[in-house]
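Encoded as structure tokens, the structure appears first; notes follow it.
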Amino acid sequence: MGSGSCLWKRSSAGESPGWTRDRPESSLPMSDDVRTLRLEKLARLRELGFDPYAVERWERTDSAAGLLDRFEELGGDADEGTERPTVSFAGRIVSMRLMGKAAFAHLSDGDEKVQGYFKKDDLGEEAWEAFGLLDIGDHLGVTGGLFRTKTGEKSIHVRTLAPLSKSLQVLPLGKEKDGHQWYGLTDVEERYRHRHLDLVCNPEARHALLARSRIVSAVRRYFESKGFFEVETPMLQLEAGGAAARTFGTHFNAYDLDVKLRISLELYLKRVICGDVPKVFELGRVFRNEGVSNRHNPEFTLLEWYEAYANLEDVMATVEELFAFVARETGLTPPPSDTTVADAGEERVAPDFSKPWHRVQLLEEIERRSGITAADLASLDSAKRALGEREIVNPATGKRIQVGEEAHLGGLIEKLLEVFVEPHLQEPTFVVGYPLETSPLAKKDPSRPGFTRRFEGYVLGREVCNAFSEINDPTDQRERFEAQVRERARGDDEAHPMDEEFLYALEGGMPPTGGCGIGIDRMVMLLTGMEHIREVLLFPLMRPR
RNA sequence: UGCCGCAUAGCUCAGUCGGUAGAGCAGCUGACUCUUAAUCAGCGGGUCGUAGGUUCGAGUCCUACUGCGGCAGCCA
């Protein structure tokens, strides 16, 4: 949008009738007529001395919920005819019922709404005319006494009013009765593109989006209470590492340097550990240049923490405590989900974070669910032989599994995990012991060649965290990077790049360290029961239309 | 990226066999001094996503494009 009034002008007599469009094409929904009418109402309000945009401040006695809670204390139930204390409130007009010389309107502060009762005799001539110029969508400040209507609704008997904003557009507010919503804004594209309307009009959407804020706050409080330092590491990097993903590129003009947006927090956080800061965490945005789906967004918020002198079991305990703390602090509990395949006789239940998580071995679970044994998975060849002899059908989706494209045994094992095991992991479960090839930053398991000291946590069939005992042997780490570089040379553009700076830090000495990463967006989805990542992102990236 | 579906008033949706655009809410005018999906009477509102094509005639049929959604792929 450009600047104000010159964008719209009335054509003079003799020209084409009505209004002339004099602005660039825009996708914004706008009705010429409504906008014009409301600007005229605004002008009249100003003539009456009720300029909405001139008011800077409106002190409220309490929130809407607070007024309703403290109704009796604030004199709402005083005897008929007695002088009641004056309360003050402000909110957006979300409904109006006009009856000649009296009216009711609900004012919402976003969370809750309070009804105002407006009567000409009580307001006076000018304020009553001003009230008549208000629309659904305007913000309004009121003062008056609390009382109960004949139907018992706690309301404000308005004595003075002050328009605080004028809505120049029609808000797609639905009507509601008995908690059931009529109409309203339901088109998902409109909701994502014009999120402010979604926040105003859809309580469930508002709840999930604001729950995110409470969850992030609880996560911070948890780690701060445990003595972790929150740090911030670079988003612009020469080589983005710490995960397997394609990158976004950009350019830094001052150094004439191509840089990449980070795909993880891992390597820099471990360099902080190398600096003898034994407990660190970061909550930050990472960027992965990959497809969009109901669980993937190109930018998302990652939590990672690292704790020196802690092993896998310590990290598991932290994950358990963290989820229990966040669930308790926010009051959010994940609803039962149909994303999992319930075992025979097993009911779909809401996960309970107050109990310890199940702990299972990756290979044992694969054997239990698919019959493919650890012996079968001794080598890529034997694994393919074992798979080749049977019909490989995903029990959850009924789809056949493609086998043979995996370049190494680790990739195949993770595929089997994904297909046969994950859908069954309804209750919070740690799956322990991931293949070496797909875990280039995790310590080798000395008792099990080819596997690492790594686990992932699952809830409702979905991965919620990824953790391992961090490699602190620089020689081992270099060999792992070199293996990744060979993968990359073979065409895997997501294989991990060499990072000499990181190796230099490891060579300086890193204590044994446990680390873990959690996708905050998916944690919010889990706790709010949302099935789409866009429902927990305020402004998901949309193609221009 | 592939396949499928959707796109009509500010919002939510109808639109028959291809015959020239409908409803509710919102908006405007009027009535109504305790309503709450307020009620009653009346009124205005549309480049039917975009561009082509077929046809005497296209919201409707065909093609392409754009956006959104679903599935697949991708995503440890």
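Quick note on labels: first sequence line is chain A, next is B, and so on, each numbered from 1. Keep in mind the model is a prediction, meaning the values are calculated, not measured.
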- Message: Once you apply a heavy-atom cut-off of 4.0 Å, does A:Gly184 come out as touching a base, just sugar-phosphate, or nothing?
- Response: sugar-phosphate
- B:U60 and B:U54: how far apart are their P atoms, nearest whole angstrom? 15 Å
- Which part of the nucleic acid, if any, lies within contact of A:Phe147, taking any heavy atom under 4.0 Å across all strands shown: a base, the sugar-phosphate backbone alone, or nothing? base
- Answer with base, sugar-phosphate or nothing: what part of the nucleic acid does A:Arg191 contact at a heavy-atom distance below 4.0 Å? nothing
- Message: I want to check something: taking the side chain as every heavy atom from C-beta on, are A:Val360 and A:Tyr458 in contact at a cut-off of under 4.5 Å?
- Response: no
- Task: Could you label the plane-to-plane angle of the A:Phe147 and A:Tyr117 rings as parallel, tilted or perpendicular, counting under 30° as parallel and over 60° as perpendicular?
- Result: tilted
- Query: From B:C68, B:U35, B:A76, pick the nucleotide closest to the side chain of A:Phe104?
  - Reply: B:U35
- Query: For B:U35, does either OP1 or OP2 sit under 4.0 Å from a side-chain N or O belonging to A:Arg97?
  - Reply: no
- Could you give the distance separating B:G44 and B:A26 at their C1' atoms, to the nearest angstrom? 13 Å
- Partners meeting salt bridge (Lys or Arg N to Asp or Glu O under 4.0 Å) with A:Lys166 (sequence neighbours left out): A:Asp135, A:Asp138
Output one line per pair: protein atom, nucleotide atom from nucleotides 25-31 of chain B, and distance, for all N/O pairs under 3.5 Å.
from: B:C25; atom 1: O3'; to: A:Lys175; atom 2: NZ; distance (Å): 3.2
from: B:A26; atom 1: OP1; to: A:Lys175; atom 2: NZ; distance (Å): 2.6
from: B:C28; atom 1: OP1; to: A:Lys41; atom 2: NZ; distance (Å): 2.3

- Select base, sugar-phosphate, or nothing to describe what A:Thr186 touches, counting heavy atoms under 4.0 Å on all strands. sugar-phosphate
- Note on the structure: A:Lys415 atom NZ is separated from B:C74 atom C1', nearest whole Å, by 10 Å
- Please work out if A:Ala245 contacts a base, only the sugar-phosphate, or nothing of the nucleic acid, heavy-atom cut-off 4.0 Å. nothing
- Message: Quick check for you: to the nearest 0.5 Å, what is the distance between A:Arg44 atom CZ and A:Leu133 atom CG?
- Response: 7.0 Å
- Item | Nearest-angstrom distance from the residue atom CG of A:Asp492 to P of B:C74 | 12 Å
- Message: Between B:C4 and B:G73, how many Å separate the two C1' atoms, rounded to a whole number?
- Response: 15 Å
- Could you work out the separation of B:C13 and B:C48 based on their C1' atoms and round it to a whole Å? 14 Å
- Minimum side-chain heavy-atom gap A:Gln237-A:Leu267 below 4.5 Å: no
- Dot-bracket, RNA chain B: Watson-Crick or G-U, under 3.5 angstrom, [ ] crossing, | other strand? (((((((..((((.....[..)))).(((((.......))))).....(((((..]....))))))))))))....
- Query: Please give, in whole Å, the distance from B:C74 P to A:Ile263 CD1?
  - Reply: 18 Å
- Message: Tell me every residue that passes salt bridge (Lys or Arg N to Asp or Glu O under 4.0 Å) with A:Glu125, counting only those two or more places apart in sequence or in another chain.
- Response: A:Lys120
- Among the nucleotides B:A76, B:G67, B:C32, which one has an atom lying closest to any side-chain atom of A:Lys101? B:C32
- Task: Test the A:Arg454-A:Tyr434 pair against the cation-pi criterion, namely NZ or CZ under 6.0 angstrom from the six-membered ring centroid and within 45° of the ring axis.
- Result: yes
- Query: Are side-chain heavy atoms of A:Phe287 and A:Lys260 found at a separation under 4.5 Å?
  - Reply: no
- Message: On the nucleotide B:G67, are OP1 or OP2 found under 4.0 Å from the side-chain N or O atoms that A:Arg193 carries?
- Response: no
- Whole-Å C1' distance, B:G45 and B:A58: 23 Å
- To the nearest angstrom, how far is A:Glu456 atom CD from B:A76 atom P? 10 Å
- Task: Could you tell me the separation between the CZ atom of A:Phe50 and the CG atom of A:Leu42, rounded to the nearest 0.5 Å?
- Result: 13.5 Å
- Task: Nearest-nucleotide wise, let me know which of A:Val292 and A:Ala244 is further upstream toward the 5' end of RNA chain B.
- Result: A:Val292
- Query: Expressed in angstrom and rounded to an integer, what is the separation of A:Glu189 atom CD from B:C11 atom P?
  - Reply: 11 Å
- Residue list, salt bridge (Lys or Arg N to Asp or Glu O under 4.0 Å) with A:Arg46, at least two apart or on another chain: A:Asp51
- Item | Contacts of A:Arg285 that satisfy salt bridge (Lys or Arg N to Asp or Glu O under 4.0 Å) - sequence neighbours left out | A:Glu299
- Query: Which of parallel (below 30°), tilted (30 to 60°) and perpendicular (above 60°) describes A:Phe481 and A:His496?
  - Reply: parallel
- Message: Considering every strand and a 4.0 Å limit on heavy-atom distances, what is the contact class for A:Lys150: base, sugar-phosphate, or nothing?
- Response: base
- Message: Please give the distance between the C1' atoms of B:G19 and B:G59 as a whole number of Å.
- Response: 13 Å
- Query: Between B:C11, B:A76, B:C68, which nucleotide has the shortest distance from any of its atoms to the side chain of A:Val188?
  - Reply: B:C68
- Message: Measuring only the P atom in each nucleotide, how far is B:C17 from B:G30? A whole number of Å is fine.
- Response: 45 Å
- Separation of the C1' atoms in B:C28 and B:G70, to the nearest angstrom: 41 Å
- Would you say the base of B:U35 and the side-chain of A:Thr149 have a donor-acceptor pair closer than 3.5 Å? yes
- Query: Between atom CG in A:Asn297 and atom P in B:C74, what is the gap in whole Å?
  - Reply: 20 Å
- Is A:Arg534 near enough to B:G69 that one of its side-chain N or O atoms lies under 4.0 angstrom from OP1 or OP2? yes
- Query: So what does A:Pro435 touch, heavy atoms closer than 4.0 Å: a base, only the sugar-phosphate, or nothing?
  - Reply: nothing
- Measure the acute angle between the ring planes of A:Trp128 and A:Phe131, then classify it against the limits of 30° and 60° as parallel, tilted or perpendicular. parallel
- Message: Students often get this wrong, so: under 4.0 angstrom with heavy atoms, is A:Gln115 touching a base, only sugar-phosphate, or nothing?
- Response: base
- Using only side-chain N and O atoms of A:Arg543, determine if any of them is under 4.0 Å from OP1 or OP2 of B:C68. yes
- Message: Heavy atoms only, 4.0 Å cut-off, all strands: where does A:His532 land among base, sugar-phosphate and nothing?
- Response: sugar-phosphate
- So does A:Glu153 reach the base of B:U35 with its side chain, donor to acceptor, closer than 3.5 Å? no
- Message: Mind checking if A:Asp187 touches a base, just sugar-phosphate, or nothing, with heavy atoms under 4.0 Å?
- Response: sugar-phosphate
- Message: How many whole angstroms separate atom OH of A:Tyr117 from atom P of B:C34?
- Response: 5 Å
- Message: From CG of A:Leu417 over to C1' of B:A76, roughly how many Å is that when rounded to an integer?
- Response: 10 Å
